[in-house]
Amino acid sequence: QVIIDYIKAEKQGECVNSEITILSLSIKPQTLDDCFQFLVEDAKKEMTKAIEYETKRLEYWLSEVERCKSFKGIAGKLLDDLNQKELSATHQRIEFLKKLDPTEVENDFGDELNQPLAISVTCKYTISNLEYNASQEWMETFILSLDEGKMIGKLPLQVLH
């Protein structure tokens with residue numbers, strides 16, 4: 001019932017003449033280790049984005065080095081020094097990011113890593129609009145308290161049909 005109440009509250013006006021039908025539920029305890037794994041995956045995605053960004057910067061500074069080769073005198077020297085400095089710094093950032101390993105998280109939790117913190121409920125459901133005789137199928141994963149009485153949050157929504 002907590003899930004249906006949450007869906008109704010979230011959809012507000014969309015469920016006025018509608019019926020929510022739960023098609024399937026998959027319940028799994030969420031442990032501290034699960035939370036760490038989620039954060040590790042998120043960190044890996046962010047690191048990949050950062051490396052891609054720095055690689056584009058590297059390409060930019062390489063093109064600047066080439067472009068400024070034709071400059072003569074003190075201006076050419078100053079621009080070359082600046083470009084080389086930026087090129088070196090960008091290289092260092094890329095190497096630093098490549099060496100990071102989010103799985104090397106130190107923890108002192110021991111057996112507590114496997115203690116349940118919450119419950120995840122993957123729920124497949126339909127919202128049927130009774131007035132228009134139309135329905136939409138959804139799948140969401142909700143995070144509930146251990147006693148299943150309180151909604152903590154949810155993972156991103158998947159529209160099935």
Side-chain angles (χ1 to χ4, degrees), residues 1-63 84-130 132-161:
Q1 186 61 44
V2 172
I3 292 174
I4 291 175
D5 292 343
Y6 185 85
I7 294 168
K8 284 181 181 177
E10 187 179 60
K11 306 282 185 206
Q12 293 179 359
E14 296 174 38
C15 293
V16 173
N17 290 320
S18 298
E19 182 179 283
I20 298 171
T21 306
I22 304 291
L23 303 174
S24 66
L25 293 173
S26 172
I27 300 171
K28 178 183 175 231
Q30 293 295 299
T31 64
L32 187 56
D33 188 52
D34 294 327
C35 295
F36 278 138
Q37 294 310 315
F38 178 80
L39 293 173
V40 164
E41 289 305 311
D42 195 46
K44 285 179 182 179
K45 289 176 190 172
E46 290 302 316
M47 287 169 46
T48 299
K49 286 181 193 176
I51 290 170
E52 288 170 357
Y53 172 78
E54 291 298 336
T55 301
K56 287 179 183 173
R57 284 183 51 122
L58 184 68
E59 291 168 5
Y60 169 79
W61 288 113
L62 285 169
S63 71
Q84 292 297 336
K85 191 181 292 184
E86 289 297 332
L87 198 57
S88 176
T90 305
H91 261 297
Q92 289 174 353
R93 283 191 297 273
I94 290 171
E95 290 308 309
F96 174 78
L97 287 166
K98 285 180 177 179
K99 289 178 185 174
L100 288 177
D101 184 1
T103 60
E104 292 181 352
V105 176
E106 288 188 33
N107 69 67
D108 299 324
F109 297 105
D111 292 338
E112 292 176 27
L113 278 176
N114 297 318
Q115 295 294 322
L117 299 174
I119 295 172
S120 72
V121 179
T122 301
C123 180
K124 190 174 181 181
Y125 63 93
T126 59
I127 299 177
S128 303
N129 186 306
L130 304 175
Y132 297 106
N133 198 24
S135 67
Q136 180 120 34
E137 194 171 292
W138 309 78
M139 186 158 71
E140 292 188 275
T141 300
F142 300 94
I143 309 299
L144 305 176
S145 60
L146 283 175
D147 65 2
E148 300 179 26
K150 182 179 177 190
M151 179 69 63
I152 296 172
K154 68 175 189 160
L155 300 180
L157 173 71
Q158 297 176 3
V159 179
L160 300 176
H161 299 288

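No experiment lies behind these values; they were computed from the predicted model shown. Atoms considered below: every heavy atom in the structure, side chains included; atoms not considered: hydrogens, waters and symmetry mates.
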| message | Within this structure, what is the CD1-NZ distance for the pair Ile143 and Lys28, rounded to the nearest 0.5 Å? | response | 9.0 Å
| request: Considering non-hydrogen atoms only, spot the tightest contact between Ala50 and Leu97 and give its length. | output: CB-CD1, 3.8 Å
| Ion pair Lys49/Glu52, N-O distance below 4.0 Å | no
| message | Looking at Asp42 and Leu39, would you say the former's side chain and the latter's main chain have a donor-acceptor pair under 3.5 Å? | response | no
| said: Would you say that Met47 contacts Pro102 through its side chain, given a criterion of any heavy-atom pair below 4.5 Å between the two side chains? | reply: yes
| task | Quick one: sort the Phe142 and Tyr6 rings into parallel, tilted or perpendicular, breaks at 30° and 60°. | result | perpendicular
| task | Measure the spacing between OG of Ser26 and CE of Met139 and express it to the nearest 0.5 Å. | result | 9.5 Å
| task | Check whether any side-chain heavy atom of Gln30 sits under 4.5 Å from a side-chain heavy atom of Phe38, and report yes or no. | result | no
Exercise answer: donor-acceptor pairs, residues 86-94 side-chain atoms, under 3.5 Å, sequence neighbours excluded:
residue : atom : partner : partner atom : Å
Thr90   : OG1  : Glu86   : O            : 2.8
Thr90   : OG1  : Arg93   : NH2          : 3.1
Arg93   : NE   : Glu54   : OE1          : 3.0
Arg93   : NE   : Glu54   : OE2          : 3.3
Arg93   : NH2  : Glu54   : OE1          : 3.4

| Any chance the side chains of Thr141 and Thr122 put a donor and an acceptor closer than 3.5 Å? | yes
| said: side-chain contact (heavy atoms from CB on, under 4.5 Å), that's the test. Do Ile127 and Trp138 meet it? Break it down for me. | reply: CA-CA 8 Å; Ile127 299 177; Trp138 309 78; 3.8 Å; yes
| query | Does Lys56 pair with Glu59 as a salt bridge, N-O distance under 4.0 Å? | reply | no
| task | Begin with the C-alpha distance, continue with both residues' side-chain angles, and end with the deciding distance and a verdict on side-chain contact (heavy atoms from CB on, under 4.5 Å) for Glu137 and Leu23. | result | CA-CA 9 Å; Glu137 194 171 292; Leu23 303 174; 3.7 Å; yes
| message | Give me the atom names and distance for the closest heavy-atom approach of Pro29 to Asp34. | response | O-OD2, 3.5 Å
| query | What's the verdict on side-chain contact (heavy atoms from CB on, under 4.5 Å) for Val121 and Ile3, showing C-alpha distance, side-chain angles and the deciding distance? | reply | CA-CA 9 Å; Val121 179; Ile3 292 174; 3.6 Å; yes
Pairs under 3.5 angstrom only: tabulate donor-acceptor contacts from the side chains of residues 146-153 to other protein residues two or more places apart or in another chain.
residue : atom : partner : partner atom : Å
Asp147  : OD1  : Ser145  : OG           : 2.5
Asp147  : OD1  : Gly149  : N            : 2.9

| remark: Heavy atoms of Cys123 and Ile22 approach each other most closely as SG-CD1, 3.4 Å
| query | Out of curiosity, Ile51 CD1 to Phe96 CZ, how far, rounded to the nearest 0.5 Å? | reply | 11.0 Å
| request: Output, in order, the C-alpha distance, side-chain angles, deciding distance and verdict of side chain to side chain donor-acceptor pair (under 3.5 Å) for Ser128 and Glu19. | output: CA-CA 5 Å; Ser128 303; Glu19 182 179 283; 5.5 Å; no
